[in-house]
Trainee: 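Pasting a structure here, questions to come.
Below, all heavy atoms of this structure are taken into account, side chains as well, without hydrogens, waters or symmetry copies. Letters go in sequence order (proteins before strands), and every chain restarts at 1.
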Amino acid sequence: MSETEINLPDNFIHEIIRKDLEAGKNGGAVKTRFPPEPNGYLHIGHAKSICLNFGTAQKFGGKFNLRLDDTNPVKEDTEYVESILEDVKWLGADWEDRFFHASDYFDQMYEYAVQLIKMGKAYVCELSEEEFKEYRGTLTEPGKEPPGRKRTIEENLDLFERMKAGEFPDGSKVLRARIDMASPNIHMRDPAIYRIRHADHHNTGSKWCIYPLYDFAHCLEDAIEGITHSICTLEFEIHRPLYDWILNTLDTPCKPQQIEFARLNLTYTVMSKRKLLELVKTGLVNGWDDPRMPTICGMRRRGIPASAIRDFCETIGVTKFNSLTEIELLDHCVRDDLNKSARRAMAVMNPLKLVIDNYPEGQVEEVETVNNPEDPAAGTRKVPFSKTLYIERDDFMENPVKQFHRLAVGKEVRLRSAYFVTCTSFVKDENGEIVELHATYDPATKGGNASDGRKVKGTIHWVSADQSLEAEVRLYDKLFTVPDLSAIPEDADWKSYLNPESLKVAKCRIEPGLAELPPGTHVQFERIGYFFSDPKDHSKEHPVFNRTVALKDSWSKIVKKA
RNA sequence: AACCCUGUGGUGUAAUGGCAGCACAAGUGGUUUUGGUCCACUUAGUUCAGGUUCGAGUCCUGACAGGGUUGCCA
């Protein structure tokens with residue numbers, strides 16, 4: 001048992017594998033795969049599957065394949081292939097040289113289908129779609145024998161050959177497995193395994209006009225690749241008898257085992273490809289990589305590290321229970337990761353001018369401050385300090401409540417890494433709004449410590465008015481206003497539950513060094529939250545920061561209680 | 001409706017017939033040059049009814065609840 005194995009908790013799938021290994025199944029091999037269909041972008045739910053499949057292979061010293069499940073040319077597109085590769089790689093799942101396409105196996109699948117026909121276990125059926133349904137029966141009534149079921153092997157071979165040759169129009173015929181029209185499991189009632197589609201395929205071009213269906217194709221893909229444990233989501237559970245039937249009927253290189261787990265559901269978001277596509281298509285979000293999206297690329301652009309996603313996937317576990325995970329757990333994993341890794345900086349969201357009356361006019365000094373108190377190796381930096389600063393509007397109260405530890409007339413606070421200042425007065429404009437604060441500083445508190453040992457309760461952040469720069473911040477919040485989208489009324493439009501405040505664009509004042517950060521850099525704005533210089537839009541001339549997640553805020557709870 | 005799967009604190013999970021534990025969330029207190037982090041503590045759980053057993057969250061039966069299946073999608 002390796003050291004990593006001890007550290008990672010087992011889930012029920014690992015238990016199955018462990019037993020298989022002990023029983024000597026598969027010659028001690030463990031091989032998994034992630035088989036996305038290239039018809040959409042990957043999301044956090046896929047990340048769960050990727051982490052599970054890759055993590056399982058790693059845990060047992062096995063192999064992990066990446067395979068595009070591209071058996072339906074009319075739904076799939078190369079547009080998605082690139083993003084899938086990028087996202088899986090970014091998440092850290094390494095398929096080495098094992099990147100495959102289901103369509104790479106079309107020749108073999110065709111041969112397997114011919115085999116089935118020769119065994120009398122498959123036949124060509126020319127029922128229309130409507131008739132097909134009629135013959136299939138219902139959940140409560142058995143199906144009845146389709147006319148084509150009695151056809152001879154020779155006829156079936158000939159017909160299937162001609163289907164392949166393009167002699168028949170789309171939908172006029174299918175190849176069906178001959179199993180049991182009376183099975184209580186509808187998927188076993190002679191399922192279609194090949195359909196005619198005169199469509200170009202993104203990988204095989206115009207070579208084929210017949211394409212295998214999922215149930216026939218997937219188990220064969222697994223078998224061809226030598227997959228030992230084929231992990232999929234719960235909705236395929238009822239397909240498992242068919243998966244096994246095909247592998248047991250045909251002489252395949254191996255007999256992979258399908259194991260189902262519950263897909264991830266997260267509060268305040270949607271995971272369905274259809275809905276995500278609709279959000280993109282209708283412009284309700286700004287593309288697949290909109291940081292509000294639960295897509296991998298959206299989360300990446302928001303500033304969520306791959307390591308945090310991996311940690312999250314490890315934390316939620318793997319079961320067959322249909323659960324709804326709170327988004328707060330993801331937030332926790334993100335904060336936990338970024339707390340250790342993100343350098344700190346000061347930025348003022350709602351600037352209020354603070355003039356230090358006893359500070360020399362025109363003087364600018366540089367104060368030294370730590371880049372990350374959690375990581376001494378991150379070093380220190382210099383931040384310009386001067387007579388006129390900006391502080392956070394919320395850090396001053398005209399009539400301070402009892403527990404308020406920040407600025408008010410007569411109160412002393414520490415300006416982070418700089419000096420103690422005491423507020424002396426404030427200025428209001430004609431509307432009664434506070435526009436300026438006046439204070440005095442104590443030169444003996446440079447760096448933020450009093451030589452006489454006196455303490456202050458509050459420490460606030462600041463930027464120098466003249467030296468600070470303007471930046472754009474994009475403040476992201478929950479995509480939806482309700483936690484459980486599956487619980488909304490049937491007749492309601494799910495889009496009407498979108499959170500109108502899921503994105504707020506604002507201006508802020510940043511310490512000058514922040515503009516120099518390259519795009520795609522994590523940073524904590526102290527006392528505010530974790531931000532990420534936007535990979536596409538951030539530049540030195542026009543700094544743009546995405547709020548990844550806000551810092552935990554216990555002050556707001558105190559306020560709420562009072 | 002028929003068949004299949006699943007039910008452990010508010011949420012996500014652990015227990016492999018033997019003291020129901022962990023994390024998140026919530027709350028209280030402490031530390032702190034971020035009302036962040038960190039530390040300590042508190043609240044709170046085996047869906048129900050039978051059965052097997054010295055002993056059941058775990059095994060059996062039934063009920064109840066939730067989910068899936070009824071595409072020539074995956």
Trainee: Considering every strand and a 4.0 Å limit on heavy-atom distances, what is the contact class for A/K457: base, sugar-phosphate, or nothing?
Mentor: nothing
Trainee: Can you check whether A/K19 reaches A/I16 side chain to side chain, under 4.5 Å on heavy atoms?
Mentor: no
Trainee: Side chain of A/R406, base of B/G35: donor and acceptor closer than 3.5 Å?
Mentor: yes
Trainee: Please confirm whether the shortest side-chain N or O distance from A/K557 to OP1 or OP2 of B/G35 is below 4.0 Å.
Mentor: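 No, A/K557 has no side-chain N/O under 4.0 Å of OP1/OP2 on B/G35.
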Trainee: Are any of A/R195's side-chain N or O atoms less than 4.0 Å away from OP1 or OP2 of B/C73?
Mentor: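 Yes, within the criterion.
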Trainee: Would you tell me if any nitrogen or oxygen in the side chain of A/K552 comes within less than 4.0 Å of OP1 or OP2 on B/U37?
Mentor: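 Indeed, a polar side-chain atom of A/K552 lies that close.
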Trainee: How many Å lie between CG on A/N265 and P on B/U6, as a whole number?
Mentor: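 For the pair A/N265 CG and B/U6 P, the rounded distance is 18 Å.
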Trainee: Using a strict cut-off of less than 4.0 Å between a Lys/Arg side-chain nitrogen and an Asp/Glu carboxylate oxygen, indicate whether A/E366 and A/K382 qualify as a salt bridge.
Mentor: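 Salt bridge flag = no for A/K382 with A/E366.
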Trainee: Let me know the distance between CD of A/E37 and P of B/G71, rounded to the nearest Å.
Mentor: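 Atom CD in A/E37 sits about 18 Å away from atom P in B/G71.
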Trainee: Let me have RNA chain B in dot-bracket notation, would you? Count Watson-Crick plus G-U wobble pairs, both distances under 3.5 Å, and use [ ] for pairs crossing earlier ones and | for inter-strand partners.
Mentor: .((((((..((((....[..)))).(((((.......)))))....(((((..]....))))))))))).....
Trainee: Is the closest side-chain heavy-atom distance between A/K457 and A/R414 below 4.5 Å?
Mentor: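 In short, these two side chains do not touch, never coming nearer than 4.5 Å.
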Trainee: Starting at atom CG of A/N371, determine the distance to atom C1' of B/G36, rounded to an integer number of angstrom.
Mentor: 16 Å
Trainee: Starting at CG of A/D10 and ending at P of B/U13, how long is that distance when rounded to a whole Å?
Mentor: 16 Å
Trainee: Measure from NE2 on A/H14 to P on B/A15 and round the result to the nearest Å.
Mentor: 13 Å
Trainee: Sticking with atom P, work out how far B/G45 lies from B/C4, rounded to a whole angstrom.
Mentor: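 Comparing P positions in B/G45 and B/C4 gives a spacing of 34 Å.
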Trainee: Grab the two heavy atoms, one from A/G171 and one from A/R197, that are nearest each other, plus how far apart they are.
Mentor: N-NH1, 4.3 Å
Trainee: NA contact type, A/P36, heavy-atom cut-off 4.0 Å: base, sugar-phosphate, or nothing?
Mentor: nothing
Trainee: Determine whether A/I179 and A/P191 make a side-chain contact, defined as any pair of heavy atoms from C-beta on separated by less than 4.5 Å.
Mentor: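 The answer is yes, as the side chains (C-beta and beyond) meet within the 4.5 Å cut-off.
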Trainee: Would you say A/R136 reaches B/G71's phosphate, i.e. side-chain N/O to OP1/OP2 under 4.0 Å?
Mentor: yes
Trainee: Can you list, in residue-number order, the parts of residues 523-532 of chain A that come under 4.0 Å of RNA chain B, counting heavy atoms only?
Mentor: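 Within residues 523-532 of chain A, the residues near RNA chain B are A/Q524, A/E526, A/R527.
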Trainee: How far, in whole Å, is B/A20 from B/A56 if one measures between their C1' atoms?
Mentor: 12 Å
Trainee: What does the B/S/- profile of nucleotides 56-69 of chain B look like, 5' to 3', with a 4.0 Å heavy-atom cutoff to protein?
Mentor: -----------SBB
Trainee: Using a 4.0 Å heavy-atom cut-off, does A/N449 contact any base of the nucleic acid, only the sugar-phosphate backbone, or nothing at all?
Mentor: base
Trainee: A/L324 near the nucleic acid: base, sugar-phosphate alone, or nothing, with a heavy-atom cut-off under 4.0 Å?
Mentor: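 If one applies the 4.0 Å heavy-atom cut-off, A/L324 turns out to touch the sugar-phosphate alone, with no base involved.
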Trainee: What distance, rounded to whole Å, do you find between the two C1' atoms, one in B/C48 and one in B/U43?
Mentor: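 These two C1' atoms come out 25 Å apart once rounded.
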Trainee: Could you check whether A/F321 gets within reach of a base, just the sugar-phosphate, or nothing at all, counting any heavy atom under 4.0 Å?
Mentor: sugar-phosphate
Trainee: Are side-chain heavy atoms of A/F100 and A/N65 found at a separation under 4.5 Å?
Mentor: yes
Trainee: B/A25 P sits how many Å from A/I316 CD1, rounded?
Mentor: 16 Å
Trainee: Between A/K320 and A/F261, is NZ or CZ placed under 6.0 angstrom from the six-membered ring centre and within 45° of the ring axis?
Mentor: no
Trainee: Taking atom C1' of B/C73 as reference, at what distance in whole Å does atom NZ of A/K273 sit?
Mentor: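 In whole Å, B/C73 C1' lies 10 Å from A/K273 NZ.
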Trainee: Side chains of A/E76 and A/N39: donor-acceptor distance under 3.5 Å anywhere?
Mentor: no
Trainee: If you measure from the P atom in B/U58 to the same atom in B/A15, how many Å do you get, rounded?
Mentor: 14 Å
Trainee: Classify the angle between the aromatic ring planes of A/Y41 and A/Y80 as parallel (below 30°), tilted (30 to 60°) or perpendicular (above 60°).
Mentor: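 Geometry flag for A/Y80 against A/Y41: perpendicular rings.
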Trainee: Establish, with yes or no, whether the OP1 or OP2 oxygen of B/U6 is under 4.0 angstrom from a side-chain nitrogen or oxygen of A/T319.
Mentor: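 No, because none of the side-chain N or O atoms of A/T319 sits under 4.0 Å from OP1 or OP2 of B/U6.
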Trainee: Tell me if B/G71 is syn or anti. Syn = glycosidic torsion within 90° of 0, anti otherwise.
Mentor: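 Here B/G71 takes the syn form, which means its glycosidic angle is within 90° of 0.
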Trainee: Parallel under 30°, tilted from 30 to 60°, perpendicular over 60°: which one fits the rings of A/H201 and A/Y211?
Mentor: parallel
Trainee: Base, sugar-phosphate alone, or nothing: which one does A/G448 contact when heavy atoms must sit under 4.0 Å apart?
Mentor: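 A/G448: base contact, heavy atoms under 4.0 Å.
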Trainee: Less than 3.5 Å apart, any donor N or O on the side chain of A/N53 or A/S49 sitting next to an acceptor on the other?
Mentor: yes
Trainee: With a non-hydrogen cut-off below 4.0 angstrom, is A/F261 in contact with a base, only sugar-phosphate, or nothing?
Mentor: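 Here A/F261 touches no strand at all.
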Trainee: When all nucleic acid strands are considered with a 4.0 Å heavy-atom cut-off, which category describes A/Q403: base, sugar-phosphate, or nothing?
Mentor: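 Here A/Q403 touches the bases of the nucleic acid.
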Trainee: Hey, is the side chain of A/R416 poking within less than 4.0 Å of OP1 or OP2 on B/G36, counting only N and O atoms?
Mentor: no
Trainee: Are any of A/R197's side-chain N or O atoms less than 4.0 Å away from OP1 or OP2 of B/C73?
Mentor: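 Result: yes.
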Trainee: Between A/T71 and B/C73, is there a side-chain N or O to OP1/OP2 distance below 4.0 Å?
Mentor: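 Result: no.
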Trainee: When rounded to the nearest Å, what value does the distance between P atoms of B/G29 and B/U69 take?
Mentor: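 Roughly 49 Å separates the two P atoms.
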Trainee: Take atom C1' in B/G21 and the same atom in B/U16, then report the distance between them in whole Å.
Mentor: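 B/G21 and B/U16 have their C1' atoms separated by 15 Å.
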Trainee: Please state how far atom CD in A/E326 lies from atom C1' in B/A26, giving the value in whole angstrom units.
Mentor: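 For the pair A/E326 CD and B/A26 C1', the rounded distance is 10 Å.
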Trainee: Take A/R189 and A/D180 through the test salt bridge (Lys or Arg N to Asp or Glu O under 4.0 Å) and record every step on the way to the result.
Mentor: CA-CA 5 Å; A/R189 316 236 264 232; A/D180 177 10; over 6 Å; no
Trainee: Rounding to the closest angstrom, what is the interatomic distance between B/G9 and B/G68 at atom C1'?
Mentor: 27 Å
Trainee: Are any non-hydrogen side-chain atoms of A/N72 and A/E37 less than 4.5 angstrom apart?
Mentor: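 Sidechains of A/E37 and A/N72: in contact.
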Trainee: Applying salt bridge (Lys or Arg N to Asp or Glu O under 4.0 Å) to A/K121 and A/D190, what does each step give before you reach the verdict?
Mentor: CA-CA 9 Å; A/K121 304 269 190 186; A/D190 291 10; over 6 Å; no
Trainee: Relative to the 5' end of RNA chain B, which residue comes earlier, A/K446 or A/H332, by the nucleotide with the nearest heavy atom?
Mentor: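 Closest to the 5' end, via its nearest nucleotide, is A/H332.
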Trainee: Using atom C1' in both nucleotides, what's the gap between B/C19 and B/G55 to the nearest angstrom?
Mentor: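 Going atom to atom, C1' in each nucleotide, I get 13 Å.
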Trainee: Tell me, yes or no, whether the heavy-atom count around A/R263 atom CZ, taken from other residues, nucleotides or ligands under 6.0 Å, exceeds 12.
Mentor: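 Check fails, neighbour count at 12 or below.
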Trainee: Using the aromatic ring of A/H405 (for Trp, its six-membered ring), decide whether it stacks on the base of B/G35 within the limits of 5.5 Å and 30°.
Mentor: yes
Trainee: Heavy atoms only, 4.0 Å cut-off, all strands: where does A/L242 land among base, sugar-phosphate and nothing?
Mentor: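 Counting heavy atoms under 4.0 Å across all strands, no contact is made by A/L242.
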Trainee: I want to confirm an ordering. Mapping A/N372 and A/L329 to their closest nucleotides on RNA chain B, which one lands closer to the 5' end?
Mentor: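 By nearest-heavy-atom nucleotide position, the 5'-most residue is A/L329.
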Trainee: Just checking A/T138: base, sugar-phosphate only, or nothing, at a heavy-atom cut-off of under 4.0 Å?
Mentor: nothing
Trainee: Please classify the nucleic acid contact of A/S172 as base, sugar-phosphate, or nothing, using heavy-atom distances under 4.0 Å.
Mentor: nothing
Trainee: Please work out which of the three classes, parallel, tilted or perpendicular, describes the rings of A/W208 and A/F106, given edges at 30° and 60°.
Mentor: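 Because their plane-to-plane angle is over 60°, the rings of A/F106 and A/W208 count as perpendicular.
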